[in-house]
Amino acid sequence: MDTWLPGNSNTVMLYLPRAVGTATRRPSSFSTRHDKEKVYLKGKDKIVPPFRFGVEDVATKMWFHKLAYPGQCLTNSHLDIIFYYLRKKGKYAKEPKVKFTTTDCLFFKTIHALYEKFIAQKKNLSLITAQHAIADYIRGRKMLCGSPWHLCDHVFFIIHMETESHWILGRLNIEERRVYMYNSLSTAMKDSAAIKACQPFAVLLPHFFALFDEFKKENKPICLDPFEVVKVDGLPQQTSNDCGCFVASFAEYFIDMKPIPPIFDVEKHRDRLAVLFYKYARMKEVEFIDSEDEAPPKGPKKNLS
């Protein structure tokens, strides 16, 4: 797949131990304990100064370790940073293949909290206002490198099934009024739970769209019926705790308009992500580079007269 970060991952060497306690020779900063949470010796896990990734700083080597190796769950931090760079890829590409934007992990928490309140109050429509945080997401104002949704064809959602400890991907096709659900751990029970996790998006977003004239066609009222939730079939399936990597890769395959392969090499995809982000962070650090979206806010101009 195309990269959204500079550089070729094949040219970078990044030492991250496959398994603590293997016979492989390792730098002295690595622990010999068989504990995924304690790979590094005390005091050797810090990155100083932290790597700046726009939406979040990364201050520990464990962030990269968890990203690089199969069987380790990705965190909100990993997915928020990955999807930020996917947004940058779409926004700044000379000829983007797909008009899209994404949300973040906070959006998922926000819309789920509102949905619970909405249902508890017997579908109280007064909860849905243009001042709500979700409306700001739709305007493209809530995140770095966000885009107004009415200028996009697709919106990607990071969805966490908390009772299952499982990440899935949601993709809203605005024209079709459908939410496509990508699940890398597909069983009848898991799919039922995944579709349920998509309901807050399907039920609430039509009401929020009705607040914006940009979504109206020929001055006709917007349909308030829930979006259809469609399960995407034929996806490669995870065999370990790699759902976060599948979510990121499913999104990138769609953005690049490439078919998702039936056989998914998790180790290859994780290696690629970890090396690209590490190399990019080091390049920014050495060359003092910040994009406009990542740079600190500029202060008022000084009067030189």
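Counting from 1, the numbers follow the sequence of the chain as shown.
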(request) Provide the closest heavy-atom pair for A251 versus L86 in the form atom of the first, atom of the second, distance. (result)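 Minimum heavy-atom contact is CB-CD1, 4.1 Å.
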(request) Give a yes or no on whether the backbone of A130 and the side-chain of R139 come within a donor-acceptor separation of less than 3.5 Å. (result)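 Here the side-chain-to-backbone pair exists.
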(request) Determine, for E162 against K109, whether the closest basic-nitrogen to carboxylate-oxygen distance falls under 4.0 angstrom. (result)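 Here E162 does not pair with K109 in a salt bridge, since their nearest N and O are not under 4.0 Å apart.
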(message) Please determine whether residues I255 and I159 belong to a single hydrophobic cluster, defined as Ile, Leu, Val, Met, Phe, Trp and Tyr linked transitively by side-chain heavy-atom distances below 4.5 Å.
(response)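 As far as the 4.5 Å side-chain criterion goes, I159 and I255 are not connected within one cluster.
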(message) So, taking the atom named NE2 in H65 and the one named CG in D45, what distance separates them when rounded to the nearest 0.5 Å?
(response)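 Separation between the atoms: 10.0 Å.
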(message) For a quick test of reading the model, state the closest non-hydrogen atom pair linking Q238 to S184 and the distance between them.
(response)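 For Q238 versus S184, the nearest heavy atoms are OE1-OG, 2.5 Å.
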(message) Taking L144 as the starting point, is it possible to reach V155 by hopping between hydrophobic residues whose side chains are less than 4.5 Å apart?
(response)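 V155 does not cluster with L144.
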(request) State, yes or no, whether a side-chain contact exists between V229 and Q199 at a heavy-atom distance under 4.5 Å. (result)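 Yes, at least one pair of side-chain atoms sits under 4.5 Å.
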(request) Evaluate the ring planes of Y85 and Y280, with Trp represented by its six-membered ring, and classify them as parallel (under 30°), tilted (30 to 60°) or perpendicular (over 60°). (result)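 Plane angle over 60°, so perpendicular.
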(request) Give a yes or no on whether the backbone of M143 and the side-chain of R87 come within a donor-acceptor separation of less than 3.5 Å. (result)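 No, R87 side chain to M143 backbone: no donor-acceptor pair under 3.5 Å.
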(request) Could you give me the CA-CA distance, side-chain angles and deciding distance for V58 and F277, then say whether side chain to side chain contact (heavy atoms under 4.5 Å, CB included) is met? (result) CA-CA 11 Å; V58 171; F277 277 110; over 6 Å; no
(message) Is there a side chain to side chain donor-acceptor pair (under 3.5 Å) between T129 and H132? Walk through the geometry before answering.
(response) CA-CA 5 Å; T129 69; H132 196 278; over 6 Å; no
(request) Could you check whether the rings of F51 and Y278 sit parallel, tilted or perpendicular, using 30° and 60° as the cut-offs? (result)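 Judged by the thresholds at 30° and 60°, the geometry between F51 and Y278 is perpendicular.
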(request) Check whether any side-chain heavy atom of I138 sits under 4.5 Å from a side-chain heavy atom of F215, and report yes or no. (result)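 Result yes, sub-4.5 Å side-chain heavy-atom pair found.
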(message) Donor-acceptor check, side chain of R171 to backbone of F156, threshold 3.5 angstrom: yes or no?
(response)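 Between the backbone of F156 and the side chain of R171 there is no qualifying donor-acceptor contact (under 3.5 Å).
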(request) Mind listing the closest non-hydrogen atom pair of A274 and A68 along with its distance? (result)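 Looking at all heavy atoms of both residues, the shortest contact is CB-CB, 3.7 Å.
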(request) Identify the two heavy atoms, one from P206 and one from A202, that lie closest to each other, and give their separation to 0.1 Å. (result)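 In this case the closest contact between P206 and A202 is CD-O, 3.2 Å.
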(request) Supply the atom-to-atom distance L205 CG to L172 CG, rounded to the nearest 0.5 angstrom. (result)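 Reported to 0.5 Å precision, the distance equals 6.5 Å.
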(message) Check this for me, if you would: do D256 and K89 make a salt bridge, where the nitrogen-to-carboxylate-oxygen distance has to be below 4.0 angstrom?
(response)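 A salt bridge links D256 with K89.
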(request) Spell out, as yes or no, whether a donor-acceptor pair under 3.5 Å connects the side chain of N124 to the backbone of F118. (result)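 The answer is no, because no donor-acceptor pair under 3.5 Å joins these two groups.
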(request) Spell out, yes or no, whether I195 and V230 are grouped together once hydrophobic residues are joined by side-chain heavy atoms under 4.5 Å, including indirect joins. (result)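 Result: no, two separate clusters.
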(request) Report whether L151 and F212 are members of the same hydrophobic cluster (ILVMFWY, side-chain heavy atoms less than 4.5 Å apart, transitive linking). (result)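 No: no chain of side-chain contacts under 4.5 Å links L151 to F212.
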(request) First locate atom CD of Q72, then atom NZ of K66, and finally report the distance between them rounded to the nearest 0.5 Å. (result)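 Answer rounded to 0.5 Å: 7.0 Å.
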(request) For side chain to side chain contact (heavy atoms under 4.5 Å, CB included), just list the numbers for K61 and I47, CA-CA rounded to whole Å, side-chain angles, deciding distance to a tenth of an Å, and then say yes or no. (result) CA-CA 6 Å; K61 297 173 187 175; I47 298 175; 4.0 Å; yes
(request) Indicate yes or no: at least one non-hydrogen side-chain atom of M181 is less than 4.5 angstrom from one of I168. (result)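 A side-chain contact exists here, since the closest heavy-atom pair is under 4.5 Å.
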(message) So for atom NZ, which belongs to K117, do other residues, nucleotides or ligands contribute more than 12 heavy atoms lying within a distance under 6.0 Å?
(response)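 Counting neighbours around NZ of K117, 12 or fewer heavy atoms of other residues, nucleotides or ligands fall under 6.0 Å, so no.
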(message) Under a plain distance cut-off of 3.5 Å, with no hydrogens placed, do Y137 and D104 share a side-chain donor-acceptor pair?
(response)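 Judged by distance alone, the side chains do pair up.
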(request) Answer yes or no: is there a donor N or O on one side and an acceptor on the other, between the side chain of N173 and the main chain of Y180, under 3.5 Å? (result)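 Judged by distance alone, no pair lies under 3.5 Å.
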(request) Please test T102 against I158 for side chain to side chain contact (heavy atoms under 4.5 Å, CB included), starting from the C-alpha separation and ending with a verdict. (result) CA-CA 8 Å; T102 85; I158 307 167; 5.9 Å; no
(request) Side-chain contact test, heavy atoms from C-beta onward, threshold under 4.5 Å: evaluate it for Y253 versus F264 and give yes or no. (result)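 Contact flag for Y253/F264 side chains = yes.
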(request) Without swapping roles, check the side chain of E164 against the backbone of K190 for a donor-acceptor pair under 3.5 Å. (result)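 No; judged by distance alone, with no hydrogens or angles, the pair does not exist.
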(request) Check for a donor-acceptor pair, side chain of K91 on one end and backbone N or O of G146 on the other, with a separation under 3.5 Å. (result)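 Checked: pair present.
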(message) Any heavy-atom pair between the side chains of W167 and F246 that's under 4.5 Å?
(response)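 Side chain of F246 against side chain of W167, heavy atoms only: no contact under 4.5 Å found.
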(request) State, yes or no, whether a side-chain contact exists between I134 and H207 at a heavy-atom distance under 4.5 Å. (result)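 No. Closest side-chain heavy atoms not under 4.5 Å.
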(message) Distance check, rounded to the nearest 0.5 Å: L204 atom CG versus K123 atom NZ?
(response)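 Spacing of CG (L204) from NZ (K123) equals 10.5 Å.
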(message) Would you say that L235 contacts N183 through its side chain, given a criterion of any heavy-atom pair below 4.5 Å between the two side chains?
(response)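 No, every pair of side-chain atoms sits at 4.5 Å or beyond.
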(request) Answer with yes or no whether the hydrophobic clustering places L273 together with Y182; edges join I, L, V, M, F, W, Y residues whose side-chain heavy atoms lie under 4.5 Å apart. (result)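 Same cluster: L273 reaches Y182 through Ile, Leu, Val, Met, Phe, Trp or Tyr contacts under 4.5 Å.
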(message) Check this for me: does any side-chain nitrogen of one of D213 and K216 sit under 4.0 Å from a carboxylate oxygen of the other?
(response)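 Here D213 pairs with K216 in a salt bridge, since their nearest N and O are under 4.0 Å apart.
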(request) Using the six-membered ring wherever Trp is involved, compare the ring planes of F157 and F107 and label them parallel, tilted or perpendicular (cut-offs 30° and 60°). (result)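 Parallel.
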(message) I'd like to know if the side chain of H78 and the backbone of C73 have a donor-acceptor N/O pair within less than 3.5 Å.
(response)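 Flag not set: sc H78 to bb C73 has no pair under 3.5 Å.
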(message) Looking at every heavy atom in both F100 and G90, which two are closest together, and how far apart are they?
(response)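 Taking F100 first and G90 second, the nearest heavy atoms are CE2-CA, 3.5 Å.
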(message) Would the distance check show the side chain of Q237 and the main-chain N or O of S186 forming a donor-acceptor pair, the cut-off being under 3.5 Å?
(response)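 Flag set: sc Q237 to bb S186 pair under 3.5 Å.
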(request) Test side chain to side chain contact (heavy atoms under 4.5 Å, CB included) on Y92 and C145 and set out the steps. (result) CA-CA 9 Å; Y92 296 129; C145 217; 3.8 Å; yes
(message) Can you tell me how far apart CE (M161) and CG (L185) are? Round to the nearest 0.5 Å.
(response)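 The CE atom of M161 sits 8.0 Å away from the CG atom of L185.
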(message) Within the structure provided, determine whether C152 and S147 are in side-chain contact (heavy-atom separation under 4.5 Å).
(response)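 Answer yes - side chains close enough.
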(request) For residues R270 and L67, report the shortest heavy-atom separation together with the two atoms involved. (result)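 Residues R270 and L67, closest heavy atoms: NH1-O, 3.1 Å.
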(message) Could you measure the distance from the OG atom of S249 to the CZ atom of R272? Nearest 0.5 Å is fine.
(response)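 One finds 7.5 Å between OG of S249 and CZ of R272.
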